[in-house]
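The structure appears below as structure tokens.
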Protein chains: 2
Amino acid sequence: MSPVEGATPVAAAGATAVAKGIPEATVARLPGYLRALNHLSDNGVATVSSGDLADEAGVNPAQLRKDLSHLGSYGTRGVGYSVAYLRFQIGREIGSAVDWPVIIIGVGNLGTALAQNADFGSRGFRVVALVDTNSALVGTEIDGLTIEHQDDLRRTLRDSGARIAVITTPPDSAQAVCDELVACGITSILNFAATVLSAPHEVTVRKVDLGQELQILAYHEQRKLDGLWPADDDVVAVVAGEAP
Amino acid sequence: MSPVEGATPVAAAGATAVAKGIPEATVARLPGYLRALNHLSDNGVATVSSGDLADEAGVNPAQLRKDLSHLGSYGTRGVGYSVAYLRFQIGREIGSAVDWPVIIIGVGNLGTALAQNADFGSRGFRVVALVDTNSALVGTEIDGLTIEHQDDLRRTLRDSGARIAVITTPPDSAQAVCDELVACGITSILNFAATVLSAPHEVTVRKVDLGQELQILAYHEQRKLDGLWPADDDVVAVVAGEAP
DNA sequence: CCGCATTTGTGCACACGTTCACAAGCTCCT
DNA sequence: AGGAGCTTGTGAACGTGTGCACAAATGCGG
Ligand SMILES: NC(=O)c1ccc[n+]([C@@H]2O[C@H](COP(=O)([O-])OP(=O)(O)OC[C@H]3O[C@@H](n4cnc5c(N)ncnc54)[C@H](O)[C@@H]3O)[C@@H](O)[C@H]2O)c1
Ligand SMILES: NC(=O)c1ccc[n+]([C@@H]2O[C@H](COP(=O)([O-])OP(=O)(O)OC[C@H]3O[C@@H](n4cnc5c(N)ncnc54)[C@H](O)[C@@H]3O)[C@@H](O)[C@H]2O)c1
């Protein structure tokens, strides 16, 4: 589309896309597309059609094309999308080009599992700090990272340069931890505690509630057992990550 | 509303509500209301208005009322909702009245954390079986539960009576595990592996992808850093769990 | 017994998200 | 060079979700 576009995908990179307004629903699906593209790339696929990519990502082909159209026209009619180029463009758009530094607050069962999870690295994130209040934990190491005390949060944040915080404390402490993080300038929080966090509107807060997910499953399971199934014909295979 | 309504909420229980069609978006919020109600109940609150409950659950009051109206008319105009009664009704609707038996496939970092998580019990779920392929793990115990071998899946499912399966295996194995579960009659699956699972449409599959959540956060964080913030005035504090 | 303050339940309008259907554009083959 | 066969990008229809605004209903105090 641009006058000169080399074989190397990097050439035609513009500013951060349309600069404004990618629908939230689209943003929520872009990571899925990126994962699908990585998978295809690993298998040596160089070009992919919207249909095939949509299958891999588990969405409707029209939806995929509309989503991608919000980033720009990166496909070629009659051919499809260059896997490498599209991967680069989506990666740039959602900021997976850089390695985001992440801090984990609350190194219990879940916090430890997250800290040891190798998956994060391949997705563009790096755990750079661990914080807890339990003095028995402070000072010990996980994967070469020393656990710091919650009282030193501000210093730990400054030293590590973390930009995204993950809260894995018990629900009671979550709001207090959130307030402290916000006071220290953190504006992106992922919360695993089963509480609604209130934060200033410029702070992005996302929640992952396992219990909630199970309860939604239980609702559907109960309906099936109640014999209301398969009374109607609508699709029930639901894949959620954000809201349906 | 019903002619005779005793102090004990159990009296007026009908069939499974309107029997059909509670919007999916509402279903996704009901667990949150239930949690809020439990919290209020713990604090000795007996009656609550839609405004207060909405605050606790982090939603719009009108939304809350509309959601609840799908279950029936359980409030009293001029007064509000009985915490105990509403809790009972929502619990019955989403099936949290019973203790759902859960099986966890893949007892690694994450699977172990989930198995040890006491939260589940209080939300109406009980881990009744653990399965793995790693022979070093099979036979060992976690919280009094012996880890079974994946090859004995069918027998383990039958013996434990599990109705909901949680997949915490590496992504490569997830689809195979899913297929086996479906073949054994499981119709509700929660998947933590970063893959899109394909299953028959009568099987409900939900996905939790931490990497995806972080990437969505990273997108917003990048926009803030890019100085596109606070250029516009719209709300950005997003709380997700399902999808929008 | 009546009027007032309060809160629910819901009709309605709007915004957002999804899917269809098709013109525009590309490649390849003859 | 030209047409056949695909595939993208997008306008338009449709469906779902959200939030306002208000009538209906309840309790209370005088
Ligand atoms: N483990 C799971 O599988 C799971 C599943 C669903 C939800 N959750 C939720 O995730 C959260 C963590 O779960 P967990 O199993 O790891 O709990 P956990 O009790 O094992 O760990 C909590 C950790 O947080 C630390 N902590 C407490 N207060 C703190 C504070 N103010 N600042 C810093 N650290 C603090 C504790 O010392 C402890 O190490 C809980 O809210 C739980 O409900 C966990
Ligand atoms: N640990 C985390 O915090 C985290 C975060 C995000 C995503 N995930 C995802 O969750 C999944 C599990 O993560 P983890 O850290 O626990 O990994 P892990 O490697 O620690 O555990 C995986 C377990 O699954 C078992 N397993 C492998 N194949 C199996 C099969 N066919 N049947 C039964 N069991 C099998 C392995 O023996 C192992 O015990 C992965 O897909 C990972 O990407 C984990």
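Throughout, protein chains are lettered first and strands after them, A, B, ... in sequence-line order, and every chain is numbered starting at 1.
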I need the [atom1]-[atom2] distance between [X] and [N], as an integer number of Å.
{"X": "H70(B)", "N": "dT16(D)", "atom1": "NE2", "atom2": "P", "answer": "12 Å"}
{"X": "N60(A)", "N": "dA21(C)", "atom1": "CG", "atom2": "C1'", "answer": "12 Å"}
{"X": "Y85(B)", "N": "dT8(C)", "atom1": "OH", "atom2": "P", "answer": "16 Å"}
{"X": "L68(A)", "N": "dT10(D)", "atom1": "CG", "atom2": "P", "answer": "11 Å"}
{"X": "R65(B)", "N": "dC22(D)", "atom1": "CZ", "atom2": "C1'", "answer": "11 Å"}
{"X": "E24(A)", "N": "dT18(D)", "atom1": "CD", "atom2": "C1'", "answer": "16 Å"}
{"X": "Y74(A)", "N": "dC26(C)", "atom1": "OH", "atom2": "P", "answer": "17 Å"}
{"X": "L64(A)", "N": "dC20(C)", "atom1": "CG", "atom2": "P", "answer": "14 Å"}

Under-4.0 Å side-chain N/O to phosphate OP1/OP2 contact, T76(B) with dT8(C) =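 For dT8(C), OP1/OP2 do not have a side-chain N/O of T76(B) under 4.0 Å.
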OP1 or OP2 of dC26(C) sitting under 4.0 Å from any side-chain N/O of Y81(A)?
->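 So the side-chain polar atoms of Y81(A) never come under 4.0 Å of the phosphate oxygens OP1 or OP2 of dC26(C).
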On DNA chain C, check which nucleotide each of P23(A) and G80(B) is closest to and give me the residue with the more 5' one.
-> G80(B)
Is any side-chain heavy atom of Q89(B) less than 4.5 Å from a side-chain heavy atom of L68(B)?
-> no
Hey, are the side chains of T204(A) and E221(B) touching, using non-hydrogen atoms and a 4.5 Å cut-off?
-> no
For the base of dT18(C), is there a side-chain donor-acceptor partner from K66(A) under 3.5 Å away?
->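 Between dT18(C) and K66(A), which were checked side chain against base, a qualifying N/O pair under 3.5 Å is absent.
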Mark yes or no for a side-chain to base donor-acceptor pair under 3.5 Å between R77(B) and dT26(D), with no hydrogen or angle criteria applied.
-> no
Of the listed nucleotides ([options]), which one gets closest to any side-chain atom of [X]?
{"X": "Q63(B)", "options": "dG9(C), dT18(D), dT7(D)", "result": "dT18(D)"}
{"X": "R29(B)", "options": "dT18(D), dG9(C), dG9(D)", "result": "dT18(D)"}
{"X": "A62(A)", "options": "dG17(C), dA21(D), dA21(C)", "result": "dA21(C)"}

Is a side-chain donor-acceptor pair under 3.5 Å present for T195(A) with Q175(A)?
-> no
Between atom OG1 of T187(A) and atom NE2 of H220(B), what is the distance when rounded to the nearest 0.5 Å?
->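 Going from OG1 on T187(A) over to NE2 on H220(B), the span is 11.0 Å.
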To the nearest 0.5 Å, how far apart are CG in D67(A) and CG in L30(A)?
-> 6.5 Å
